[in-house]
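Right, one structure below, let's go through it.
One is the number of the first residue; the rest follow in order along the sequence. Order of listing sets the numbers, starting from 1, for every ligand and every atom in it. Being a predicted model, the structure only gives us computed values, none of them experimental.
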Amino acid sequence: MPVTLLDHVAIATPDLDVGSAPYVALGLHPEGPDEDVESQGVRVRAFQVGDTLIELLMPTRPDSPIATYLEKRGPGLHHTAYRVTDLDAEVARLRSGGGRFLREEPTPGRAGTRVTFLHPKWGQGTLIELVEHPAGAAQ
Ligand SMILES: CC[C@H](C(=O)O)C(=O)SCCNC(=O)CCNC(=O)[C@H](O)C(C)(C)COP(=O)(O)OP(=O)(O)OC[C@H]1O[C@@H](n2cnc3c(N)ncnc32)[C@H](O)[C@@H]1OP(=O)(O)O
Ligand SMILES: [Co+2]
């Protein structure tokens, strides 16, 4: 079953409080405490907007992909993420159609999710992430 929902839109920022300012001004509130995701070297602050999220990402290590992105491109839109119910099946389906994944296996994302990324070239200039929420989470 392909993607079911735009899970989040991710924004790279060097400072979560500064990066949050537009979303707070829009009347949005963080949907929970900031979360460090060690495997990605990021601290995440998520704002719920209807069924989807704005995901603010700040690097916690110089080798984080977000640190590299900020060095090269500065703050701003980083990726879009789509929710799938069966990540492994969706990866296999896309791979069979020529999908270019950045890693062999999914990695941990925020809130207990499993995530994987398709190369920006495959995404026609957009970094695309697939997200599988833990069983039982609101789909
Ligand atoms: C906490 C987890 C959270 C979650 O959702 O749960 C996350 O989302 S964590 C997000 C941070 N993690 C990642 O982004 C992992 C995947 N990203 C990567 O592996 C790299 O960032 C990569 C490979 C996309 C880019 O790496 P790097 O910048 O070192 O490579 P290049 O500069 O050679 O880039 C190659 C090519 O892609 C273009 N590019 C790079 N980043 C992006 C982007 N975010 N959106 C669109 N395009 C991007 C870059 O400009 C190069 O294009 P070229 O035409 O060759 O200049
Ligand atoms: Co993401």
Within the protein, is there a heavy atom lying under 4.0 Å from atom 47 (N) of ligand 1?
yes
Please report whether atom 54 (O) of ligand 1 has a protein non-hydrogen atom at a separation of less than 4.0 Å.
yes
Considering only protein heavy atoms, determine whether one is less than 4.0 Å from atom 25 (C) of ligand 1.
no
Measuring centre to centre across the rings, with the benzene-like ring taken for any Trp, is F117 within less than 6.0 Å of H79?
yes
Aromatic contact, F47 with H29 (centres under 6.0 Å)
no
So which protein heavy atom does atom 5 (O) of ligand 1 come closest to, and at what separation?
E129 OE2, 2.7 Å
Identity and distance of the protein heavy atom lying nearest atom 49 (C) of ligand 1:
R73 NH2, 4.1 Å
How close does the nearest protein non-hydrogen atom get to atom 20 (C) of ligand 1, and which residue and atom is it?
P65 CB, 4.4 Å
Step by step, work out the side-chain contact (heavy atoms from CB on, under 4.5 Å) result for V49 and Y23.
CA-CA 10 Å; V49 189; Y23 308 101; over 6 Å; no
Is ligand 1 under 4.0 Å from a heavy atom in the side chain of Q40, in the backbone, in both, or in neither?
side chain
In terms of heavy-atom contacts, A12 and Y69 come closest through CB-CD2, 3.8 Å
Looking at T13 and P75, would you say the former's side chain and the latter's main chain have a donor-acceptor pair under 3.5 Å?
no
With a 4.0 Å cut-off on heavy atoms, does R103 reach ligand 1?
no
If you have a sec, work out which protein heavy atom is nearest atom 41 (N) of ligand 1 and how many Å separate them, to one decimal?
Y69 CD1, 4.0 Å
Tally every protein N/O/S atom whose distance to the Co ion (ligand 2) is less than 2.8 Å; waters are neither shown nor counted.
4
If every non-hydrogen atom of P59 is compared with every non-hydrogen atom of I66, which pair is closest and at what distance?
CD-CG2, 3.6 Å
Testing the basics here: between Q48 and L28, what is the closest heavy-atom pair and its distance to 0.1 Å?
O-CD2, 3.9 Å
Quick one: look at K72 and ligand 1, take heavy-atom pairs under 4.0 Å, and tell me if it's side chain, backbone, both or neither.
side chain
Please could you name the atoms of ligand 1 that L57 approaches to less than 4.0 Å, counting only its heavy atoms?
10 (C)
Atom 7 (C) of ligand 1: any protein heavy atom closer than 4.0 Å
yes
N/O separation below 3.5 Å, R110 to ligand 1:
yes
Below 4.0 Å from any atom of ligand 1, is there a heavy atom belonging to G125?
yes
Which residue and atom name correspond to the protein heavy atom nearest atom 40 (C) of ligand 1, and how close is it?
P120 CG, 4.3 Å
Relative to ligand 1, is V131 under 4.0 angstrom through side chain, backbone, both or neither, heavy atoms considered?
neither
Stepwise side-chain contact (heavy atoms from CB on, under 4.5 Å) test for T60 and Q40
CA-CA 9 Å; T60 53; Q40 298 286 348; over 6 Å; no
Looking at D17, is its backbone amide N or carbonyl O close enough to the side chain of D15 to form a donor-acceptor pair, meaning the two atoms are under 3.5 Å apart?
yes
Atom 18 (C) of ligand 1: the protein heavy-atom neighbour that sits closest, reported with distance to 0.1 Å:
L102 CD1, 3.8 Å
According to a 4.5 Å side-chain heavy-atom criterion applied to Ile, Leu, Val, Met, Phe, Trp and Tyr, with indirect links allowed, do L94 and V84 form part of one hydrophobic cluster?
yes
Ligand 1 to H8, heavy atom cutoff 4.0 Å, flagged ligand atoms 5 (O)
With atoms numbered from 1 as shown, which atoms in ligand 1 lie under 4.0 angstrom from a non-hydrogen atom of E55?
3 (C), 4 (C), 5 (O), 6 (O), 7 (C), 8 (O)
Selection residues 106-117 - residue pairs positive for salt bridge (charged side-chain N to carboxylate O under 4.0 Å, His left out), sequence neighbours left out
E31-R110, D88-R114, R114-E132
Using every non-hydrogen atom in the two residues, find where W122 and I128 come nearest and quote the distance to one decimal.
CZ3-CD1, 4.1 Å
Report the member of H78, H79, E71, R114 with the shortest heavy-atom distance to atom 14 (O) of ligand 1.
H78
Just do the side-chain contact (heavy atoms from CB on, under 4.5 Å) check on R43 and E35 with the steps written out, would you?
CA-CA 5 Å; R43 181 163 301 151; E35 179 184 353; over 6 Å; no
E35 touching ligand 1 at heavy-atom level, < 4.0 angstrom:
no
Numbering the atoms of ligand 1 from 1, which are under 4.0 Å from a heavy atom of V44?
1 (C)
Straight-line distance of D63 CG to T68 OG1, nearest 0.5 Å:
7.5 Å
What's the shortest heavy-atom distance between T116 and P106, and which atoms?
CB-CA, 4.2 Å
Looking at D86 and A89, what are the two nearest heavy atoms and their distance?
OD1-N, 3.0 Å
Under 4.0 Å from a heavy atom of V42: which atoms of ligand 1 are those, numbered in the order shown and with their elements?
1 (C)
Is R45 salt-bridged to D34, cutoff N-O under 4.0 Å?
yes
Separation between NE2 (H8) and CG (L6), nearest 0.5 Å, reads 8.5 Å
K121 neighbourhood, listing ligand 1 atoms whose heavy-atom distance to it stays under 4.0 Å
52 (O), 53 (P), 54 (O), 55 (O)
Can you name the atoms of ligand 1, numbered from 1 with element, that are less than 4.0 Å from a heavy atom of V37?
1 (C)
